[in-house]
Amino acid sequence: MYLLRKGEIMDPFILSRIQFGANISFHILFPTITIALGWMLLFFKLRFNATGDDRWMENYRFWVKVFALTFAMGVVSGITMSFQFGTNWPGFMETVGNVAGPLLAYEVLTAFFLEAVFLGIMLFGFNKVPNWVHTLATFLVAFGTTMSAFWILVLNSWMHTPAGFEIRDGIVHATDWLAIIFNPSMPYRLAHMLLASGLTAAFLIGGISAFRYLRGDKASGVRLGIKFSMIVAATLIPVQIFMGDMHGLNTLEHQPAKVAAMEGNWETKSNVPLILFAVPDEENRENNFEVSIPNLASIILTHKADGVVLGLNDFVEEDGTVMHPPVNPVFWSFRVMVGMGMAMLALSWLATAIIWRRGVDGLPKLVLFGMVGMTFSGWVATLAGWYVTEIGRQPWLVTGVLDTKAAVGDVPAAMVFSTLVLYLITYAVLTVTYILVIFYLAKKAKGGAPLDDRARTPEALAGIVGKSDAPVPAE
Amino acid sequence: MFDDPNQYLPFIFAALMGVSILIYVVLDGFDLGVGILMPFANDEEKDIMVSSIGPFWDANETWLVLAIGLLLVAFPVAHGEILTALYLPATLMLIGLILRGVAFEFRVKAPKHYKDLWNWAFFAGSLITALCQGAMLGIYIMGLNFTTWTLAFAALCAGCITVGYSMIGGTWLAMKTIGDLQMKAIDWSRRGLIGAIMGIGLVSLATPLVSPRIFDKWFALPQLFYLSIIPILTVAVVVLLWFAIHRLEREPRIKPGQPFYLSMLLFCFAYIGLAYSFYPYIVPEKMTIYESASAPESLWIILVGTIFVLPTILAYTALAYYVFRGKAKQLTYY
Ligand code: HDD
Ligand code: HEM
Ligand code: HEM
């Protein structure tokens with residue numbers, strides 16, 4: 001929005017940014033689910049192998065469909081991403097290609113092929129390979145998606161907190177790969193993102209299972225799904241909030257302007273209040289309608305009530321050039337993310353407490369509706385979090401090394417505009433279809449077609465009985 | 001040449017990139033081809049056609065990611081130049097790939113009455129992808145210039161690639177299916193081959209005519225003698241393929257893979273011919289691989305990884321094709 005307000009809509013620079021942001025926002029939706037869902041499927045399968053309990057198998061069978069669908073969305077949007085650097089940001093690779101290149105190459109080599117090849121065996125090999133090979137394939141797919149996340153987050157973190165390089169003739173050259181990979185913000189960002197993925201998948205499972213339950217499908221597998229998801233969410237969310245705080249402290253050290261924008265803090269001062277609500281006014285550089293808790297921001301950020309925190313006004317150069325990010329989008333996205341985190345905390349702890357005391361059937365309707373409402377809450381929090389991170393990095397593309405303007409390609413605005421429209425239409429249609437189809441699968445699973453005998457026993461899993469050719473359409 | 005990393009590293013990376021493009025074209029070629037052939041099959045056959053490529057398409061497309069990735073990391077300047085010039089067809093191709101990839105899933109997961117719609121999307125996505133790839137090749141051959149003539153040539157290439165893909169897709173189906181569908185697939189392969197012959201012929205004639213540099217590369221003595229091996233072998237493969245297709249029609253159970261393997265070979269020869277025409281240029285007539293390569297220390301890091309990982313990738317790719325060998329069946333998740 002802040003981009004549009006400036007009335008520069010036909011500027012290829014702005015359009016390229018919107019297009020890149022749209023593409024990656026669409027992409028990230030799906031990996032966020034698959035990274036954790038892969039491990040959860042592995043868990044379901046291992047539990048079933050160990051206990052022979054059909055409820056795990058029912059969950060495996062339902063969620064593997066969602067996984068297949070989500071993975072396909074992740075792959076196609078990912079392929080788009082690999083073209084984006086060249087089409088929209090040629091200057092990016094020209095300047096930092098020596099660092100970014102190897103990291104991207106390792107992602108393709110160690111992660112993409114692993115997951116793509118074993119995905120086939122994981123999805124369709126159940127009756128074709130021994131059980132342990134299938135379990136191994138499931139593991140390798142989960143491992144591959146996690147490796148993807150690792151490499152891409154290394155690169156992204158390096159862009160925020162670059163290390164291990166030198167600049168010769170205006171071009172970045174790598175000097176220390178360990179320093180590049182384990183750059184200061186990488187551990188925090190990786191942990192925070194992986195936890196976000198776990199929460200997103202947990203709330204998805206919870207929401208869809210609650211939806212099935214509310215529609216009268218009280219099969220034991222569905223109840224297990226509700227219990228499993230809420231326990232996972234209740235465990236992860238405190239860790240996530242703690243990690244978020246650590247991440248913020250790390251950011252304060254390396255990108256203080258971003259934190260100042262998150263907090264809506266204009267002046268460098270001590271005893272900074274924590275702003276719960278405000279409308280930052282970027283023209284006059286002040287907040288309106290501020291509601292705040294005294295001293296709390298100083299306490300959170302410096303652990304002292306009178307700790308001094310840098311404000312945004314320190315990032316305006318003598319000649320008036322603003323060297324901090326736009327405040328409104330960062331400020332608001334941050335509040336959306338944290339708000340979602342708090343909602344997740346409330347719902348998952350409440351639900352877990354009730355399940356603990358009275359079992360899944362003791363959950364009041366209201367809580368179940370809450371779970372359905374929060375089905376895609378992980379998406380909202382994750383996107384909001386990424387907007388904080390990425391917009392908070394502006395005006396830099398690579399902090400202190402390359403500013404965003406220097407990286408844009410010279411594609412005519414009309415071309416960027418028309419392809420942007422094309423992408424946006426495609427993405428809107430596909431996101432809506434994706435959500436509808438998941439709910440449709442949940443409806444159709446109602447009553448759950450009973451497991452046929454072939455798939456019941458561990459022997460069947462081992463492929464001994466499962467060789468029947470009876471056509472069962474893949475769904 | 002082999003003692004200066006500024007010489008051999010770009011060469012090695014150009015070769016690696018060339019190989020992954022070739023693998024991509026062959027592998028995704030057959031599964032795009034299957035998509036292009038969809039409208040000619042009935043509903044039941046469509047299911048089997050999709051099943052035959054279900055376990056493979058994702059990994060096949062990953063070769064495109066690798067090829068683009070190598071272009072990006074090894075030749076960043078050329079990557080920017082080529083992709084900014086091919087912005088429109090590249091975007092359209094990506095939209096095609098998206099449509100097709102999601103249609104795989106939606107056609108069986110969305111409510112039944114939408115299935116036709118997603119089948120159509122699957123076909124349209126495959127067709128758009130193939131046409132755009134052909135057009136990109138054409139514009140690339142023409143040195144990334146846009147005039148009426150180069151666009152006409154691009155249109156020609158778009159048609160050729162589409163026909164070529166449907167040929168290799170047809171031979172894949174001839175290998176993976178039985179009964180009526182196999183007979184249809186054999187027929188598609190034959191028609192595809194006729195188209196491919198005309199296509200390769202036209203492009204081979206046009207390329208040296210439009211580019212004096214490529215003309216000189218092929219028609220100077222003494223190269224002409226040992227280069228003529230490429231067209232001769234290509235013609236030989238075409239003849240063998242023709243007979244293999246006819247043979248399969250008579251004995252559909254014996255060596256059903258023969259036409260498919262020969263089509264792969266045909267793609268390889270056509271590709272080698274093109275690669276020879278371009279070397280050492282990466283942006284035709286403008287920039288050689290040596291002028292546009294990244295810093296050697298970064299290339300080394302990638303090379304070391306590639307040497308270890310590429311064989312592993314090839315091994316487990318082979319494993320996947322082995323697991324799903326034989327005739328295609330309906331796919332099941334469990
Ligand atoms: C389920 C998702 C989710 C939830 C509940 C939270 N976050 Fe978050 N947050 C993310 C998902 C996320 C993310 C999408 O994964 C980001 C974007 C980049 C990153 O590494 O993680 C992120 C970024 C991010 C950043 C930006 C760091 C930077 O760019 O330098 C901060 C400071 C926090 N988070 C802090 C928090 C706090 C204090 C939370 C307490 C409620 C919180 N997050 C909940
Ligand atoms: C996955 C979640 C991500 C989301 C939602 C996201 C979102 C965004 C957004 C909204 C912008 C535009 C910022 C602005 O114009 O003010 C942006 C910029 C950018 N991001 Fe990300 N990003 C994500 C991850 C990544 C990763 C992993 C990388 C690289 C490895 C990356 C690289 C870039 C680049 C190169 C730009 C372009 C420059 C710019 O406009 O700032 N992003 N991103
Ligand atoms: C934080 C940001 C990102 C994360 C966590 C992430 C993670 C993943 C994951 C887990 C997958 C596997 C597919 C799936 O599970 O759905 C994937 C696919 C893919 N991603 Fe991303 N990604 C991110 C950003 C990017 C960026 C910036 C690029 C572009 C360079 C990219 C390129 C790709 C490609 C090409 C694929 C397809 C791989 C295949 O064919 O299997 N991703 N990504």
Side-chain angles (χ1 to χ4, degrees), chain A residues 61 64-65 68-69 72-73 75-80 82-83 85-87 90 93-94 97-99 101-102 104-106 108-110 112-113 116-121 123-129 173-174 177 409-411 415 419 422-423 426 430 433 437 440-441 455 469 471-475, chain B residues 47 51 54-56 58-59 61-62 64-66 68-74 76-77 79-84 87-88 90-92 94-95 97-102 104-106 108-111 294-295 297-298 301-302 305-306 309-310 313 316-317 319-320 323-324 329-334:
Chain A
R61 294 175 62 160
V64 78
K65 289 177 197 165
L69 173 62
M73 304 278 284
V75 169
V76 292
S77 56
I79 294 173
T80 314
S82 50
F83 282 78
F85 283 116
T87 48
M93 286 314 278
E94 277 163 33
N98 288 324
V99 168
L104 289 169
Y106 271 81
V108 180
L109 290 170
T110 62
F112 288 165
F113 276 106
V117 174
F118 285 100
L119 181 74
I121 299 182
L123 293 182
F124 307 119
F126 209 95
N127 295 325
K128 295 201 184 258
V129 294
H173 287 259
W177 279 102
D410 54 0
V411 180
M415 191 111 92
T419 54
L422 214 56
Y423 276 127
T426 315
L430 291 183
T433 314
V437 166
Y440 173 75
L441 287 176
D469 285 338
V472 185
E475 291 172 342
Chain B
D47 285 345
S51 295
F56 307 114
D58 180 1
E61 287 183 2
T62 308
L64 176 64
V65 177
L66 179 63
I68 284 296
L70 285 173
L71 178 62
L72 176 74
V73 303
V77 186
H79 177 272
E81 187 131 339
I82 294 173
L83 285 189
T84 355
Y87 194 85
L88 203 57
T91 309
L92 290 177
L94 290 171
I95 304 247
L97 282 173
I98 292 177
L99 266 189
R100 188 182 118 78
V102 300
F104 262 104
E105 295 291 328
F106 285 142
V108 283
K109 292 197 175 72
S294 295
E297 63 284 7
S298 291
I301 295 275
I302 305 173
T306 313
V309 181
L310 208 56
I313 293 175
Y316 55 64
T317 305
L319 174 76
V323 167
F324 297 100
K329 295 210 188 76
Q330 291 279 26
L331 292 173
T332 55
Y333 282 149
Y334 28 75

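Throughout, protein chains are lettered first and strands after them, A, B, ... in sequence-line order, and every chain is numbered starting at 1.
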Quick check on A:V117 against chain B: is it the side chain, the backbone, both or neither that has a heavy atom closer than 4.5 Å? both
Kindly give the heavy-atom pair with the smallest separation between B:F106 and A:M73, and that separation in Å. CZ-SD, 4.2 Å
Check whether A:F83 gets within reach of chain B through its side chain, its backbone, both or neither, counting any heavy atom under 4.5 Å. both
Heavy-atom side-chain proximity of B:L92 to A:L422 below 4.5 angstrom: yes
Just so I know, are the side chains of A:T433 and B:V102 near enough to count as touching, which here means a heavy-atom distance under 4.5 Å? no
Contact origin within B:L319 toward chain A - heavy atom pairs under 4.5 Å: side chain
Using heavy-atom distances under 4.5 Å, tell me whether B:L97 contacts chain A through its side chain, its backbone, both, or neither. both
Indicate yes or no: at least one non-hydrogen side-chain atom of A:F112 is less than 4.5 angstrom from one of B:L66. no
So which heavy atom on A:A105 is nearest to which on B:I302, and how close? CB-CG2, 3.7 Å
Residues two or more places apart in sequence or in another chain: which of them pass side-chain hydrogen bond (donor to acceptor under 3.5 Å, both in side chains) with B:T317? none
Measuring heavy-atom distances to chain B, does A:L119 have an atom under 4.5 Å in its side chain, in its backbone, in both, or in neither? side chain
Side-chain heavy-atom pair B:V65, A:F113 within 4.5 angstrom cut-off: no
By ring pair (Phe, Tyr, Trp, His ring centres under 6.0 Å), which residues pair with A:Y423, not counting sequence neighbours? A:Y427
